[in-house]
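So the structure is just underneath, and the comments pick up after that.
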Amino acid sequence: MERTETNRLMAQLLFPHITKTPEDYEAIYPPRDLPKGAMVTRIAPSPTGFMHFGNLYGALIDERLAHQSGGVFYLRIENTDAKREVEGAVDVILTSLNAFGLSFDEGATAGEDKGAYGPYRQRDRAEIYQTIAKDLVERGLAYPCFCTEEDLQAIHDKQEKAGANYGYYGEWAAHANITVEEAKALIDQGKPYVVRFRSPGKDGNRIKYKDLAKGEIEMPENCNDIVLLKSDGIPTYHFAHVVDDHFMRTTHVVRGEEWLSTFPYHLQMFDAIGWEKPAYVHTAHMLKFDEGSKRKLSKRKDPEARLTYYLQQGYPSACVIEYLMTVLNSNFEEWRRKNPEADLDEFKFKAEKMGIAGAVFDIDKLNDISKNLICKMSGEEVYVATEAWAKEYNPEFHALLTRDPAYSKAILSIGRGGKKPRKDFTVWSDVPDYMAFFFDETFTTDYPFPETMPKEDILKVLQEYPANYYDENDDQQTWFNKVKELTEAMGYAVDMKAYKADPTAFPGSVADISAVLRVAVTGRTASPDTFAVMNILGKDKVLARLNKAAEEL
RNA sequence: GGCCCGUUGGUCAAGUGGUUAAGACACGGCCCUUUCACGGCUGUAACAGGAGUUCGACUCUCCUACGGGUCACCA
């Protein structure tokens, strides 16, 4: 195909308002001046106001690739479909990714776009696409198509009957040979039209491409004259992708494997236009178990598909990233075990190492990572993170938590810092329950005392202990020694081994006596170390609670 | 239905022709222990099925089954 006079007339007819040429844009968006090996990546979400877990998954790959190579990671908004656009969606994208520690070097922001390769919203780039489309028409590589929805449906039906492949190609391409005069007549009648690509593909040809994640893939060459510009002059995804990633000088396109089937379009367009192709990374989907089989994580059915879910639950953002890294690069876990404190930047992420099959989302694993991450934090850090979470998602608890910060911090410091840190919570939303008995407002008095103990013994402990043993100044050892003294005085077993060897020899053991104290003070059978709890509650509260328990017995 | 991608224990996975087929999570047992949590030790458990290539196949080829994706003027 070449720039015949007819083609030129057609281009002029279709795009009378376009004055720039592709070369102009080549000059406006020159190749980036980056060190060798630097990757330019992007995420290009639709502004639907919803951020899927998969968005973060892809974004993390992009971000790692760009930032560990000294490249650029940018945000482009794919708003070519006006129907799906939601107000404020860009802000949602930015804040949710920020919450997980990902930030962009350039692209769309809540305000003005930032960067020299913009605009970064596709609707604002209409002229660029049209310039390229015009050039393609001039070169005979594109043409207008006036088919209506009904026309296309009719073609589809005929193809179905004839057993032919669906699509707009070859003999089925009704307007492939439309003349300038015909086109002009239809335009004058006010008929809407799209601009289609004239595919150079041949039936039966096969193409090969090496995808960075999937490896070698082979498929039939595209023969479809796909739509470049919709009737409103805005490009389809396919055309926008090719034009944008060329002019924005993207080096690596990371996207979900749902794009594999239209991949031949893209490759063909790059070749036909004469542009260098980026490298591609087609990622497998996150799956979910549903009634015995695996399926894609669904935003309608699965709460964990939403990015906001993790924020609401109160997962530390770093743990979600850690989890994703373990899914993305299987050698990450091993590396992490060897370098528990190292910054993520020190891990060498490789697109080639990514799993090719879809991974089932494993919430147990996420939880484990989260627990292990939280248990390394100090009481102070836990307090800060919990406070931030509660402020947003649990105002009632937030009020309690911040009423006396020193008190709350002391509670959250129990059992931390040692070699065997407690792992009481996996998410910040576990904290309110964990702390509940420290506040009178949320202290509950079901008192699950040991069932094997007679009431009078329980009462005796509740009265004897504060009267004759309790001293708020005791250290841990003295404290426990006194519990043992009381145990002995009541004829219960102090030596657990002896008790276990012959439980019938005693009415009970030191475990029972301890349990009574714990239940009275905390209202539950499971709690952190009772000594620590008493220390934090303070003498007055401890005495009051022992007293209250005795009264309610 | 056409086309494409995939299939190692319950889950995530290492593994690239010769391995006792790692490890992590989950689950079970034992130990530690004043509860809980932690920790230590330990156990159950896998190459979807069938042909072929080969001295030898989890690894290569083909077929089947199953799962996923896609067939728009949506992305």
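On a predicted model such as this, the values are computed, not experimentally measured, just so you know. The sequence lines fix the lettering, A, B, ..., with proteins before strands; numbering per chain opens at 1.
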Looking only at B/U34, B/U70, B/A24, the nucleotide nearest the A/W479 side chain is B/U34

Residues that A/R64 engages under salt bridge (Lys or Arg N to Asp or Glu O under 4.0 Å), provided they are two or more places apart | A/D345

Would you please confirm or rule out a distance under 4.0 Å between OP1 or OP2 of B/C36 and any side-chain N or O of A/S527?
-> no

All pairs passing salt bridge (Lys or Arg N to Asp or Glu O under 4.0 Å) where residues 213-240 of chain A contributes a residue, at least two apart | A/R206-A/E218, A/K214-A/E257

Hey, is the side chain of A/R196 poking within less than 4.0 Å of OP1 or OP2 on B/C73, counting only N and O atoms?
-> yes

Listed partners of A/E304 passing side-chain hydrogen bond (donor to acceptor under 3.5 Å, both in side chains), at least two apart | A/K288

Qualifying ring-ring contact (aromatic ring centres under 6.0 Å, His included) pairs, either residue in residues 353-378 of chain A, two or more places apart | A/F53-A/F361, A/Y323-A/F361

Within residues 150-165 of chain A, residues whose heavy atoms come under 4.0 Å of RNA chain B = A/L152, A/N165

Contact check, residues 482-489 of chain A vs RNA chain B, heavy-atom distance under 4.0 Å, returns none

Can you name the atoms? Protein N/O to nucleotides 9-11 of chain B N/O, anything below 3.5 Å, with the distance.
residue, atom, partner, partner atom, Å
B/U11, O2', A/D362, OD2, 3.4

Kindly point out which of B/G69, B/C73, B/G1 is positioned nearest to the side chain of A/V227?
-> B/C73

Rounded C1' spacing from B/G50 to B/A65 in Å | 10 Å

Anything under 3.5 Å between a protein N or O and an N or O of nucleotides 37-42 of chain B, put it in a table, one pair a line.
residue, atom, partner, partner atom, Å
B/A37, O2', A/K423, N, 3.0
B/C38, O2', A/P421, O, 3.4
B/G39, OP1, A/K423, NZ, 2.9

What's touching nucleotides 59-62 of chain B from the protein side, N or O pairs under 3.5 Å?
none

Please list, chain by chain and in numerical order, all residues satisfying side-chain hydrogen bond (donor to acceptor under 3.5 Å, both in side chains) with A/Y237, sequence neighbours excluded.
-> A/R255

Give each stem of RNA chain B as a range with a range, requiring at least 3 consecutive Watson-Crick or G-U wobble pairs whose two distances are under 3.5 Å.
-> B:1-7 with B:65-71, B:10-12 with B:23-25, B:27-31 with B:39-43, B:48-52 with B:60-64

Hits for salt bridge (Lys or Arg N to Asp or Glu O under 4.0 Å) against A/E334, two or more places apart or cross-chain, chain-then-number order -> A/K338

